[in-house]
Amino acid sequence: MTTWWCEQAVVDGRLESSVNITCDGTAITNVAVDSIADSEALRLPGVTLPGFANAHSHAFHRALRSRVQAERGTFWTWRDLMYTAAERLDPDNYYGLAVGVFAEMALAGTSCVGEFHYIHHSPGGTPYDDANAMGHALLAAAQHVGIRITLLDTLYLHGGLTEVGYLDPVDAQTRFTDGSADTWATRVDSLQSTNTQRIGAAIHSVRAVDPESMRTVVDWAAEREAPLHAHVSEQVAENVQCLHHHGCSPIELLASIGALSSRFTAVHATHLSDSDIVHLGSCGATVCMCPTTERDLGDGIGPTVPLTDAGVRLSLGSDSHAVIDQMAEARAVEMNERLASETRGAHSAIELLEMATSNGHRSLGWNDAGRIAVGQRADLTTISLSSERLAGTPSEFAVEAAVFASTTSDITSVVVDGEQIVSDGRHRSIDVAHELHRTIEELFS
Ligand SMILES: [Zn+2]
């Protein structure tokens, strides 16, 4: 039994003061607001938020940071380097890199990551002796860091979609494909969920998976009530290719094979039609926006207001890890909207916080996480309000300060499933900068 005393905390969506939060094992068993600190309580000055969910990650993209901005950093600079990194990974160096990346996420307040995982096999496409060696490396890395993970094992079969149809995978893409959806399903069936690790499914995109193969993934996820994610309409070219080949948009194609449900998350969903938005809203789907990546890649700005008006929940991911900062993702949703609409005030700070917390956990299959409330997992991310960035914040605007002005340097404590993994702004067992430096240097040496 552990009690944390929070100077301020967001309890079930409301900012409260002087809050004792008691947890027994991994779950919150009592929350008392406006109460003096328990004598045994561990003190958390500042504002304590529910742990963040990073709902869309490709861990290895972290190795590209800075390198892909060379010269003027075109899309092709990015994609060529991404494939170079993908070709050099093996289960050992991927484990080391993922430890650094997930630990950076932990320092950024993350209690759970959704890893959209598609580098399955050895260079050339031959499976490792353990066909899930790469997935196991990611699961082990998350466990070592102390955050939960939903491994979104991704079906990727084709090298692209053009006027002539689906292309064969080439170069690094040969590592991504299982050859068939049935082989994918058999491999994924041997991955085990635990109390802190879940297995979900993903369709890479309409460019990489044909509709018949998509159906196998949809059925696999439905039988297991598992989360199902897909990259959707990130760039206009994908919509054009899909319309030309299938006669409909990517969302309409996914709807036609029964992929859309409350377990479905469309990642990006930047370029949607009105009909696409109705499809997503009517089934209670989630859209995972990744605004810092989308602006880095020049993708465009997604329709956040029509989506939320239609009943779609928004979650957030750092995707290519141009930066890892969930509050930066949250504020970018609102800031992009202001730039596009020339109007302030589309989403409140609490609504943006929900995208980073409860909506993200839900899209990863953790309905018991993302809120500070009795029965929820004890995930607590604490932001100090005493730095030069946040000094002068009135207590009633602590959430606005966190969402609109904090950086990851302001995060002092992170508790995941009742265990404190970050204290005084440092991971308790990992030298994160050292791990990232070492593993990225080795990858490109
Ligand atoms: Zn992605």
Side-chain angles (χ1 to χ4, degrees), residues 53-65 68 75 78-83 85-86 89 94 97-98 101-102 105 110 112-120 134-135 138 149-161 169 172-173 175-177 200-209 214 217 227-239 242 250-251 254 259 264-272 285-302 314-326 328-329 332-333 355 360 363-364:
N54 190 340
H56 189 68
S57 160
H58 308 288
F60 79 96
H61 288 199
R62 170 64 179 85
L64 313 179
R65 192 182 292 174
V68 287
F75 178 79
W78 179 85
R79 207 182 84 147
D80 289 349
L81 198 64
M82 189 268 279
Y83 279 159
L89 291 168
Y94 205 9
L97 177 60
V101 178
F102 294 156
M105 287 185 197
T110 305
C112 186
V113 59
E115 179 65 26
F116 197 104
H117 166 55
Y118 55 85
I119 304 182
H120 301 304
M134 296 294 264
L138 292 161
I149 183 171
T150 297
L151 186 73
L152 297 157
D153 199 297
T154 305
L155 178 63
Y156 190 119
L157 292 176
H158 308 298
L161 179 61
Q173 293 168 339
R175 303 192 67 179
F176 309 163
T177 177
I203 293 163
H204 183 275
S205 60
V206 299
R207 291 171 285 120
V209 185
M214 287 179 192
V217 184
L228 172 64
H229 289 216
H231 289 127
V232 178
S233 297
E234 180 176 5
Q235 301 198 336
V236 171
E238 176 184 312
N239 288 359
C242 192
I251 285 291
L254 288 158
F264 179 74
T265 296
V267 180
H268 302 302
T270 308
H271 302 284
L272 299 182
T286 301
V287 163
C288 181
M289 301 227 157
C290 308
T292 68
T293 290
E294 287 149 9
R295 72 190 185 202
D296 182 69
L297 294 177
D299 291 342
I301 298 172
L314 300 184
S315 62
L316 302 168
S318 60
D319 190 7
S320 70
H321 311 310
V323 297
I324 292 176
D325 183 337
Q326 287 299 88
E329 302 293 344
V333 168
M355 296 175 196
S363 83
L364 296 176

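Both counts, for ligands and for their atoms, begin at 1 and track the order of listing.
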Should the pair F176 and Y83 be assigned to parallel (<30°), tilted (30 to 60°) or perpendicular (>60°) ring geometry? tilted
S233 and its side chain to side chain contact (heavy atoms under 4.5 Å, CB included) partner, picked from T270, D299, L272: L272
Quick check on the 6.0 Å ring-centre criterion: do H120 and Y156 meet it? no
Going by the angle between their ring planes, with limits at 30° and 60°, are H117 and Y94 parallel, tilted or perpendicular? tilted
Could you check, using the six-membered ring where one of them is a Trp, whether H229 and H231 have ring centers closer than 6.0 angstrom? no
Could you grab the protein N, O or S atoms closer than 2.8 Å to the Zn ion (ligand 1) for me? H56 NE2, H58 NE2, H231 NE2, D319 OD1
State whether a side-chain donor-acceptor pair under 3.5 Å links E115 with S57. yes
